[in-house]
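Computed from a predicted structure; not experimentally measured. Atom set for the values below is all heavy atoms of this structure, side chains included, hydrogens, waters and symmetry mates excluded.
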Amino acid sequence: VPPVGQGASQGGHVSAGTSPGGSVDQDHGEVRVRDRVERRLDGGRLAIDFANTIHDRFAADVEDYIATPERYLEWARRSGAIAADETMEVSRLDGEGERLMADVRSLRDATYLLLSAYIDDVALPKGPLLVENHWLLHARRSQSLAENGLLALQVDPEDLRLPLKRIALDVVDTLADARAGKFTLKRCANQSSCGWIFADTSKNGRRRWCAMQTCGTASKTEARRNKG
């Protein structure tokens, strides 16, 4: 499996060489596959949960939750990127699995870097924008006006990249909703072994962790240990 990236704002290195639909090349360590039981959806938005399928972005050996076509489709069903009434099977790949996963990694890296740039209040980087706009264009071409007056994606059971189109659309909605103040985009306060992003919808805007039962508990335990 080719490498997946770390966010530049988190100490990773981003190559300037990116083409539409291609990968955002980033340096990092070996990729390991985490057990599916441990995959959590704490981001609050589809695009954020997609970016969070890498853990830990600070580690030399990152863990990839969706490193294979089977796990990618499993995650897409669980996250809602594939609807409950939609049927997509890995058997339809016909030897195109590696190309599919290259597209998955490319959009995931781009999504993470775009969300990170928004959090850092800097201009969205050009390379990730090219990748996002590539998939956004594909998504827009697949949209049509439905009977309920809303835009809907045309569902092709042969299109295993349909989840990527939905994610690209949600990147736009996530950034727009963040700008509108519907939530605050944040990084998990565990800056040593996480790297996840989340949408803080709490009333007081003081959420710090991707999940209290994981990073919150671990960080508080470490703090008590250091005091002792």
Side-chain angles (χ1 to χ4, degrees), residues 3-14 23-24 26-29 31 34 38-59 62-67 72 75-76 78-81 104-125 127-129 131-132 135-136 163-164 166-219:
V4 287
Q6 294 174 308
S9 60
Q10 300 295 339
H13 169 72
V14 182
S23 62
V24 179
Q26 297 174 282
D27 295 336
H28 57 78
V31 176
R34 174 173 282 209
E38 298 180 69
R39 301 178 200 168
R40 307 190 323 269
L41 302 173
D42 296 323
R45 296 296 293 250
L46 175 62
I48 301 174
D49 285 329
F50 182 58
N52 288 348
T53 56
I54 280 291
H55 184 92
D56 147 25
R57 286 186 177 271
F58 302 120
V62 297
E63 298 182 70
D64 190 344
Y65 291 10
I66 55 173
Y72 155 69
W75 175 88
R78 183 166 172 251
S79 66
V104 169
R105 290 188 294 270
S106 171
L107 182 58
R108 178 173 58 186
D109 287 346
T111 299
Y112 178 79
L113 291 172
L114 292 172
L115 297 176
S116 293
Y118 179 87
I119 292 171
D120 293 336
D121 195 24
V122 298
L124 301 185
L129 274 175
V131 176
E132 162 65 16
W135 287 105
L136 189 59
L164 301 184
R166 285 189 170 128
I167 290 163
L169 291 169
D170 192 60
V171 169
V172 175
D173 291 342
T174 297
L175 293 174
D177 287 349
R179 288 193 193 92
K182 294 182 179 180
F183 52 78
T184 303
L185 279 178
K186 293 182 178 180
R187 291 189 187 90
C188 179
N190 179 359
Q191 293 296 298
S192 61
S193 60
C194 183
W196 278 17
I197 293 170
F198 61 87
D200 182 2
T201 58
S202 63
K203 291 183 180 180
N204 58 14
R206 297 179 64 183
R207 178 179 168 186
R208 298 185 61 205
W209 319 103
C210 61
M212 175 56 70
Q213 66 269 31
T214 52
C215 284
T217 299
S219 295

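Contact check for F50 versus Y112: no side-chain heavy atoms found under the 4.5 Å cut-off. Side-chain contact check for E132 versus L107: some heavy-atom pair is nearer than 4.5 Å. Between L114 and P125 the shortest side-chain heavy-atom distance falls below 4.5 Å.
Listed here is the closest heavy atom pair of S106 and V131: OG-CG1, 3.3 Å. Across every non-hydrogen atom of K182 and T201, the tightest pair is O-CG2, 4.4 Å. Nearest heavy atom pair, residue A117 against residue L124, reads CB-CD2, 3.9 Å.
A distance of 11.0 Å separates CG in L164 from CZ in R166, rounded to the nearest 0.5 Å. Distance check: R78 CZ to I66 CD1 gives 12.5 Å after rounding to the nearest 0.5 Å. Distance CZ/F198 to CD1/I119: 8.5 Å, rounded to 0.5 Å. Summarising the geometry, atom CD1 belonging to I167 is positioned 13.0 Å from atom CG belonging to D173; distances are rounded to the nearest 0.5 Å. Atom CG in D177 sits 12.0 Å away from atom OG1 in T184 (nearest 0.5 Å). Atoms CG and CH2, on D49 and W75 in that order, are 6.5 Å from each other to the nearest 0.5 Å.
Side-chain N or O atoms of W196 include none that pairs as donor or acceptor with a backbone N or O of I48 at under 3.5 Å. R187 places no side-chain N or O within 3.5 Å of a backbone atom of I197 that could act as its donor or acceptor partner. In this structure, W135 contributes its side chain and A168 its backbone to no donor-acceptor pair below 3.5 Å.
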Audit row: E63, D56, side chain to side chain contact (heavy atoms under 4.5 Å, CB included) steps and yes/no: CA-CA 6 Å; E63 298 182 70; D56 147 25; 5.8 Å; no
Test log, rule side chain to side chain contact (heavy atoms under 4.5 Å, CB included), inputs V171 and L46: CA-CA 8 Å; V171 169; L46 175 62; over 6 Å; no
Salt bridge (charged side-chain N to carboxylate O under 4.0 Å, His left out) between D64 and R105, intermediate numbers included: CA-CA 10 Å; D64 190 344; R105 290 188 294 270; 5.7 Å; no
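Few gaps surround CG on N204; more than 12 heavy atoms of other groups in view lie less than 6.0 Å from it.
For residues 198-207, every residue pair satisfying the salt bridge (charged side-chain N to carboxylate O under 4.0 Å, His left out) rule, not counting sequence neighbours, is listed here: K186-D200.
Taking A178 as the reference, Y118, F183, L185 meet the side chain to side chain contact (heavy atoms under 4.5 Å, CB included) condition, with sequence neighbours excluded.
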